[in-house]
Each structure stands twice: as structure tokens, then as C-alpha cells.
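Encoded as C-alpha cells, the structure appears first; notes follow it.
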Amino acid sequence: MADTEATATKEEPKVLTDLEKVGEPIVPRKKPNDIHGDDLVGKISVPKVQEGAAAANKPYLCKSENMQKLGFPGDLRTDWHDAAIAKMGELLKKYKSLQVYMDICVKCGACTDKCHYFLGTKDPKNMPVARAELFRKVYRKYFTTEGKILGKLAGAERFDLDLLGEWYSYFHQCSQCRRCSVFCPYGIDTAEISMAAREIMDHIGIGQKYVNDIIVKVHEVGNNLGMNPKALKATLESTEEDLEEETGQKIRLPLDEVGAEVLMVTPSADFFASPHVESLLGYAKVFHQAGISWTFSSVASEAGNFGMFMGNYSQMQKVASRVKLAIDEIKPKRLIVGECGHAWRIAYSFWNTLIGPFDSLDPNYKRPEHICEYTLDLVNRGAIKLDKSKNDDFVVTFHDSCNVARGARMGDKPGGQFTIPRELIKASCNRYVEMDEETIMEKTFCCGGGGGLLTDDLLELRVQGAMPRMQAFHKVQESHGANFLALICAICKAQFTKILPKYGVGMDVAGGVHQLIANAIELGAKE
Amino acid sequence: MTVLFVVLGYAALAIFIVGVLAKVWKYGKTPAPLKIPQTPAPVTASGVPVRILSEVVFFKSLFKSNRVIWLAGYLFHIGLLLALIKHYRFLFASVPAGLDYFATFEMYPGLIMLGGLGLLFLLRLVVDRNMFISVMTDYVLLILLIAIAGTGTLAKHYFRVDITQVKEFMMGLVSFSPMGSNSTFPTELIFLIHFSLVLLLLVYFPFSKLMHAAGVFFSPTRNQVDNPREKRIVAPWAENLPAPTTDVEEVAEAHGQA
Ligand code: HEM
Ligand code: SF4
Ligand code: SF4
Ligand code: SF4
């Protein structure tokens, strides 16, 4: 993923001729200015609102060809207004969340200071309720009696190009992290609303380049990085050689081995991005030491699924269906998913719906399993041994990936998604420190790069959105000398590697949980 | 006068009941195609009512979120609940034993409501974030409620509206024999205002954010069981969805852009 952002910046943004004709409000973004870490680290505090502060944050538009490859119109439809309203009506009938959340927000204000993008940008339209209001304005105008009669007095507004411009801007400043939902008296989930908004925008011809390009790549090549099976094979082979050199053991990274007991599906960034690949070595060592046969699949060489970010059920299903294909081909007993936040949410919460039931898999195991569930079980049973002293250089702290924390679970008990990675980390190192309790577990702050925003054309936003997390990290850095930010998400890893230096922290501070495991695991003969 | 208010009363009540039921029906029948409980969530069906009740009874998430808004909102809703309970005595000839007790609260429900409402109003004026998200109807609704609570309290404690007359009128209404010999519309202005505003609130209810009172039970992030690995759900509309088209020309044609 780190590499896909690089390609995103090489190309020029799409020329907006058609859009300009109709009074295009979607202006090219401003250059990411240099944000200085020193005025950002400090206590997490609620800013005074600054209207319009983040209005210019807009990602590049997706080019016509790729829009059409996804079944969307290539350019803003001339009848976009009617098409958008029709689509909105359709989504309101399809999603209970959207329908109910449109009606029941009382605007109590409890969520207004809970979004990292508001805290970082000070722009009031990045307050979750204000973001949702951009959608509600249109909903009220066209779908409610109140809005039709009272109009602006009730906060109802015609959907015009200016408002569409605001949609494009602010619905791409939501990482769909669901923090707002935790604090809302009715659990109103702004992520659901921004997904619906993005789906409507795609449907009328304005899609986001980064997300849509990646989905095209998955359909055409098989993964977000656009790595074809041959390249994947070569990468795995050379990594195997490195592993043998490092450990003196034949630790395998198998690909497409039919009949393997475990099918491992992991974000493609794990195959060579840094620090992702360190976790890949961790998985391999764990499987090796457990003595289980396992394999990656070139068909399902991506656990990530950007279909969720664009809010499109069919696209999400199509991306996920690769996993189904791989299961049919490899015929594994178990399905295990690597370190990735949104991927785990989709695997855990949606796969069964999208591509289930997994009748061919062994029902004695979770279908699917998270790699942390798998590894911790081995540790607890004594099947693998960890030498904590190998990580003595580190004072570790853990960033709960929001998609795992608030959108999924591990293990059998509620909250297993918090305890299992922590137990695993504590089993692999001697020094562990927790960040401020207002910033962890279900209250965790997003890294600032999730939800399809991990692109250089939104770099400024990413730096600002990371602020609350960086402030919490800074605190344990000062107080306990924390120097390792343990992660279980490919996007978090790419985001922090890029953002940490902006805050004056070395990028090698970010790493995977299985990177710690890779360091600590005792390889070789078992007693 | 009596006839007019009888007609208005029934009309408002009908709009309220039909309107709320229609909305509830809509919320109920709209499918939730994906499992989206906000985790940690109950892993068994029996845990869900506990979770929802903790929101309804204690405003648990709001408490976690913002103590000032919680206090303001809680005061108002508790006051409202007590006030509603107290209104029982206008509707039934004999007050059930337990409910007597509430009569001893005297004017507190009204004052608690007013306190909460005042604080809610103030929050919209002094906190810049709340100010930003407020539109006219948000203020007007609070003013309406303040007016209802205010006139109610005044009617009872300062103007000493004829309670027996009110009771006869209301009981006539609820027993569907509104034009009985004793039940004429009470003539005090303060009662007229109080009664009219309540009718207005009833009519506005189903069309407004007041639907949160029903919607809170339908929120998928709160009412779903966290068991997606064990139990498969598929919405009717999502069964056998065709894979999205990828043919560029077909797409262009479909959107009239060929
Ligand atoms: C199941 C019953 C109900 C529950 C659980 C509930 C819960 C809540 C909560 C948590 C809030 C947000 C906090 C606040 O701003 O006060 C709220 C706001 C509000 N509620 Fe309710 N409520 C219920 C019934 C009602 C009813 C019957 C009314 C009728 C008048 C009402 C009127 C309001 C108003 C006007 C607000 C917004 C206050 C503002 O403008 O800031 N609620 N409610
Ligand atoms: S916390 Fe919920 S009800 Fe309150 S303003 Fe935010 S979204 Fe609306
Ligand atoms: S889902 Fe996350 S990013 Fe989106 S509005 Fe809510 S808190 Fe902000
Ligand atoms: S990248 Fe990580 S922290 Fe950010 S949205 Fe995804 S899981 Fe959450």
C-alpha cells in the first residue's frame, strides 16, 4: 500500500473540463504544506471551530476509464441531480442504518469533539454530526415532510453543485473509524453515512482516484499493489532465501499449494512493504514452528477490500469472492487472516454474508481466524516459545486499529480484540506501556489514514488526523520511553511510517505485532 | 369552543399515532444487510436488550461522552417522564395506588424539565460546536417544550386552573364520549395555550427528530448480536446479486455517455 500511494502522485489530477462547464466547485487541492510536529504534540484538546479550514482537502478524481471499469459513469452525469436523489432513495430502502440515522439525530452535540479529523483540522464540518448533516440536508429536502414544508428552517437544502463539492470534500475526510458511534446516545455511525455518500458520488460519476484505481487493480491483477502471480512468487522466493540466511533454517513461504491445511490471506503490502514484511516473517516462523502446512494464494493475494470504503456492496462482494475461489482451489481446513484492520472487519463481520457459508472448512476452528488468535493459542498451549529478552530494546505500546476495535472481535468474549493482541505482545517483550485510556480500546483514535484516505493527495489531512494518536504516543514516549508502536493493520503501518517523521519521531518506531513475535520466537527443535 | 378542541384533539392524536407507527414500520422493515454492531457488543441475543436498556434508562453512551449534555438531557427526560406520569390523574377516574405517590412531587417535574431544557438551550448558545450544528427547528423545538412545561407549571401553581373541569374534559376525550354533560373545554387562557401546544407537539412528533424515542431501538450498531462468524445473514435484496459490469462500452452506454 505504501507503494500504491507513490504511483498515485506521479500522475496528474484528472482535468475537470466537463465538470467545469457546469460550474465545477471541486477545485484542485492545495499543496500539502509542511506541518510541524512541535505545535501538534501536546495535550489532546478541543479546538475552537474554524469554518472552512479543511474545505480544500479534496482527493484526486478517478479517471473516466477506471470509473467505467467499475461500472460507473465516466464523468459527472448531466442528470446527476436526479440520479443522485434516485440512488439515495434506493439506499434508504436497502440500509436500515442509513434510514434510521437520517431521522433520529437530535443534534445533542456529544459527538462534536470525537473525530480525529475535527480535532486535527478544526473545521466544524469534520464534526461527525456536521458531516452527516451534509447528507441529511438533502435527505430532508427530498424525502421528509418536515424538510419539504419548512425548508432551510429545518436544515433542508437543495442538492446543488456547491453542496456536491462539500460532499466530495468532507465525505473524503472520514476514515470510517466509527469513533463517533461509540459516543452517540443512539450509536449513529457516520461511517455508514459516508459510505452511502461515496456510493452515490460514484454512481453519478465522481469517484475517488485512489480507492477506485486500487479496486480496478484487484479485479485485474489480484491485489492492491498490482503484483501479478509471477512477481509474487519471485518475491516470496527471495524472502525465503533471506529467511534462511538469517535463521539457518528452511522456513517456507508457500504459494498456491493445493491441500495445505491453512490458507493464509494477508494484505498484499505484507509481501514487501516496510515494516509490513517483518510481520510476514513472523507469520512464516509461527507456522514453521507449529509444524502446520500452510499456503498463500495468488488468487486471494489481498486481504484488504476497498469495496467497503466506497460503500459498494457488489464491489465488496466481488473483491471478497477471490477468497472463495482460493478456498475452492486449495481446499484448506482453516482460513487465517493477517494483520489488517479493515480487512479483519470485513473478514470477521462480512465474509460469512458475502461469500459464506464456509462449509468446506473445519468447524472446529473459527471461520475465519485472526493470526493473533492463532498465534496466542499456540503460545498458551506451549506449542511455540517466545524469548522476551529478544525485544529488550523496545518499550512497546499498542495502537488499537479502529476497525478491529469497534467493528470486529477476536476470541470468544466481547473485547477479545483488545486482550488478545495485548497478551500476545506481553508474551513477546518485557516492557509494555499503555497509552491514555481515552485513546485506546473502543475509544481508540484512528491513525488518520484509514477509509481510503491513504493517498498523498490527502497528505495534509493525514498528518492532521494523526494528531490525537501522536499526542497520546508522545505522552508515553516522554513518560516511559516508548519506542515501538505495535500495530495490526497494513494501513496503520503505511500511515505511521509516513507520518511519524512529521512529528519528529523515527519511522522505524512503527511495526507489526508479529514483528515482535518474529524477533522473540525460538526456532528449532521442540522438546 | 369545546367542539373545536375535541376535533383538534382527536386529529392531533390520530396524526401522532399513525405517523409514529408508519415510521416504526419503515424502520422495522428496512433490512440491515451487513453485521455492523459497534463492538464490543453482546455475543448472545439476550445481551442486546440489556445494552439498549442501558441507553434508554441511563443514556449510558452519552454519559461516557459528555457529562454536561448528559445532565441536561437526563434532567429534561426524567422531568418529562414524571410529568407524563402525573398526567394520569386527568385520564383515569381513580388513580392507581402506586401513582398517588407521584402526585407528592408537586411542581418538581415541571421545574426539572425546565431546568434541563434551559441548560440544553444554553449549550446551543454558548458552545461554538453546538451552535454550528443547530438550525431553527432545533431552537424552536426547545422553546416549544419550554412553553409546554412552563404553561403546565403555571396552570397548576399560579393560575389554579379548575382541575375538576380539566379532568372531566380529558376523561370525556379518552372515553370517546367527549360531549358528555359535564365535559366542557376549560376556559382559562393558560390551559388553552398549554393544551394547544401539546397538540402541536403531537403533530410535529412523527415528522421530526423526536422520532429518536423509537429509533433508538432500531439502531443496528446497538441492536445487533456480535456473532457474524457463527450466524450468516443475507438481506433479501443481496441474494444472488450480479457481479458489477466491467465492460467499459456497456457502462458508457448504460449512462448515456457512449
Ligand atoms: C425512549 C425514550 C427516549 C429516549 C431513550 C430519549 C433519549 C434522548 C437522548 C439520549 C437525548 C440526547 C441528549 C439531549 O440532548 O437531551 C435526547 C434528546 C432529546 N429528546 Fe429524548 N428520549 C426519549 C423520549 C423523548 C420524548 C418522548 C420526547 C418528547 C418530547 C423527547 C424529546 C427530546 C428532545 C427535544 C431532545 C433534544 C434536546 C436538544 O435539543 O438538545 N425525548 N433524547
Ligand atoms: S451524538 Fe448522535 S445524536 Fe448527538 S449530535 Fe452526534 S450524531 Fe447526533
Ligand atoms: S467515522 Fe471516524 S472519521 Fe468518520 S466522522 Fe466518525 S469519528 Fe470522524
Ligand atoms: S488504518 Fe488503522 S486506525 Fe486507521 S482506519 Fe484503518 S484500522 Fe483504523
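Letters A, B, ... mirror the listed sequences (proteins, then strands); counts begin at 1. All values reported here derive from a predicted model rather than from experimental measurement.
- Of all heavy-atom pairs between B:D128 and A:K48, the closest is OD2-CA, 3.5 Å.
- Across all their heavy atoms, A:V106 and B:R124 have their closest contact at O-NH2, 3.3 Å.
- Nearest heavy atoms, B:T39 versus A:A408: OG1-O, 2.9 Å.
- For the set B:A213, B:S61, B:A235, the count of heavy-atom pairs under 4.5 angstrom toward chain A peaks at B:S61.
- When the heavy atoms of residues 134-144 of chain B are compared with those of chain A, the residues falling under 4.5 Å are B:V135, B:M136, B:T137, B:D138, listed by number.
- Atom-to-atom distance recorded for B:Y27:OH and A:D103:CG is 3.0 Å, nearest 0.5 angstrom.
- When all heavy atoms are compared, the tightest approach of A:R345 to B:I36 is NH2-CG2, 3.4 Å.
- Across B:I69 and A:G109, no two heavy atoms sit closer than the pair CD1-C, 3.8 Å.
- Here B:K209 is the residue among B:K209, B:E230, B:K231, B:E55 with the most heavy-atom pairs under 4.5 Å with chain A.
- Between B:R229 and A:E373 there is a salt bridge, since at least one side-chain N of the basic residue sits less than 4.0 Å from a carboxylate O of the acidic one.
- Note: B:K26 leads B:K60, B:K26, B:M211 in heavy-atom pairs under 4.5 Å with chain A.
- Taking every heavy atom of both residues into account, B:V234 and A:T353 meet most closely at CG2-O, 4.1 Å.
- Atoms OH and CD1, on A:Y186 and B:I52 in that order, are 13.5 Å from each other to the nearest 0.5 Å.
- In this structure, A:E146 and B:Y204 have side chains that are in contact, with non-hydrogen atoms separated by less than 4.5 Å.
- Proximity of A:F118 to B:R129: side-chain heavy atoms (C-beta onward) are separated by under 4.5 Å at one or more points.
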Show your reasoning for whether side-chain contact (heavy atoms from CB on, under 4.5 Å) applies to A:N352 and B:K35. CA-CA 10 Å; A:N352 200 3; B:K35 281 277 191 178; over 6 Å; no
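- If you tally non-hydrogen atom pairs under 4.5 Å between each of A:P124, A:G415, A:S97 and chain B, the highest count goes to A:P124.
- Using a 4.5 Å cut-off between heavy atoms, A:L153 contacts chain B through both its backbone and its side chain.
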